[in-house]
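Since we're looking at a predicted model, the values are computed, not measured. Labels below follow one simple rule: chain letters A, B, ... track the order of the sequence lines, proteins then strands, and each chain is numbered from 1.
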Amino acid sequence: IQLTQSPSSLSASVGDRVTITCRASQGINSYLAWYQQKPGKAPKLLIYAASTLQSGVPSRFSGSGSGTDFTLTISSLQPEDSATYCCQQLKSYPLTFGGGTKVEIK
Amino acid sequence: EVHLVESGGGLVQPGGSLRLSCAASGFSFSDYYMDWVRQPPGKGLEWVGRIRKKADSYTTEYAASVKGRVTISRDDSKNSLYLQMDGLKTEDTAVYYCARSSGGTGDCLDPWGQGTLVIVSS
């Protein structure tokens, strides 16, 4: 199953609403997770089961979607949100990741 | 605190072998699936494989790119996960992460270790 993320990069201002999309090549129900990765660091889980916020993750992050189309939204972008965001499908093997979206702060 | 620490990375020649380890602490290791994920320098994440828990017969899954060249194993008595890599290719150069997974409807990888760098070069 291929995952296509868009955009590949974006630049937004603090306080902006940011939306990242992840499209699966076939239906994956809600078996989708979102991760945040900062340079030189390991990925960190943000969202699982498409829309469940991982404990400790700020509520400005949210996920939605089911089937083939998914969205990660940051409701009010903060400076510490500068990172690369990546989706992963866990519906079938081999598990796959999207190509990533690099979010920069203007 | 849940903690995963990888070790065993380094420089290896093409065709060589390497065994990575992942030491787990802070949780009941035997109750979880465990995954390996890699990231080539400057590139995205690539899932390598998974090993299930004893209740699921320690079965494994692998990415096509590594199948037949890598073996994932675990030692629950030592809270340790392993990745045996043989026939290494230059394209296997990457940071290798281990991660805990749960399987099932809420499947996800959390947490991840800090990673260990494998460089395949002559």
Does any heavy atom of chain B fall under 4.5 Å from the side chain of Lys41(A), the backbone, both, or neither of them?
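Only the backbone of Lys41(A) comes within 4.5 Å of chain B.
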Identify which part of Ala33(A) has an atom lying under 4.5 Å from any heavy atom of chain B, answering side chain, backbone, both or neither.
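Contact with chain B: side chain only.
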Looking at [X], I'd like to know if its [atom1] atom is crowded, meaning that more than 12 non-hydrogen atoms belonging to other residues, nucleotides or ligands lie closer than 6.0 Å.
X: Arg69(B); atom1: CZ; value: yes
X: Gln2(A); atom1: CD; value: no
X: Lys38(A); atom1: NZ; value: yes

Look at Lys43(B), Arg52(B), Lys67(B) and state which one has the largest set of heavy-atom pairs under 4.5 Å with chain A.
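Of the options given, most contacts go to Arg52(B).
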Where does Val37(B) contact chain A at under 4.5 Å (heavy atoms): side chain, backbone, both or neither?
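The side chain, not the backbone.
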Please look at Glu46(B) and chain A and tell me whether the side chain, the backbone, both or neither of the residue comes under 4.5 angstrom of a heavy atom of that chain.
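Just its backbone gets close to chain A.
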Any idea which heavy atoms bring Tyr31(A) and Gly104(B) closest together, and the distance?
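Shortest heavy-atom contact: CE2-O, 3.5 Å.
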Considering all heavy atoms, the nearest Ala42(A)-Trp112(B) contact:
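Here Ala42(A) and Trp112(B) meet closest at CB-CB, 4.0 Å.
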Answer with yes or no whether the hydrophobic clustering places [X] together with [Y]; edges join I, L, V, M, F, W, Y residues whose side-chain heavy atoms lie under 4.5 Å apart.
X: Leu3(A); Y: Ile20(A); answer: yes
X: Tyr48(A); Y: Leu53(A); answer: no
X: Leu18(B); Y: Val5(B); answer: no
X: Ile72(B); Y: Tyr32(B); answer: yes
X: Tyr85(A); Y: Ile28(A); answer: yes

Is there side-chain contact between Leu45(B) and Gln88(A), with heavy atoms separated by less than 4.5 Å?
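With C-beta onward as the side chain, the pair stays apart.
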Side chain to side chain, Tyr35(A) and Leu109(B), heavy atoms closer than 4.5 Å
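The answer is yes; the side chains approach within 4.5 Å.
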Would you give the length of the straight line joining atom OG1 of Thr84(A) to atom CD of Gln39(B), rounded to the nearest 0.5 angstrom?
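Here the interatomic distance stands at 8.5 Å.
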For the atom pair CG (Leu46(A)) and CG (Asp110(B)), what is the distance rounded to the nearest 0.5 Å?
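Result: 10.0 Å between the selected atoms.
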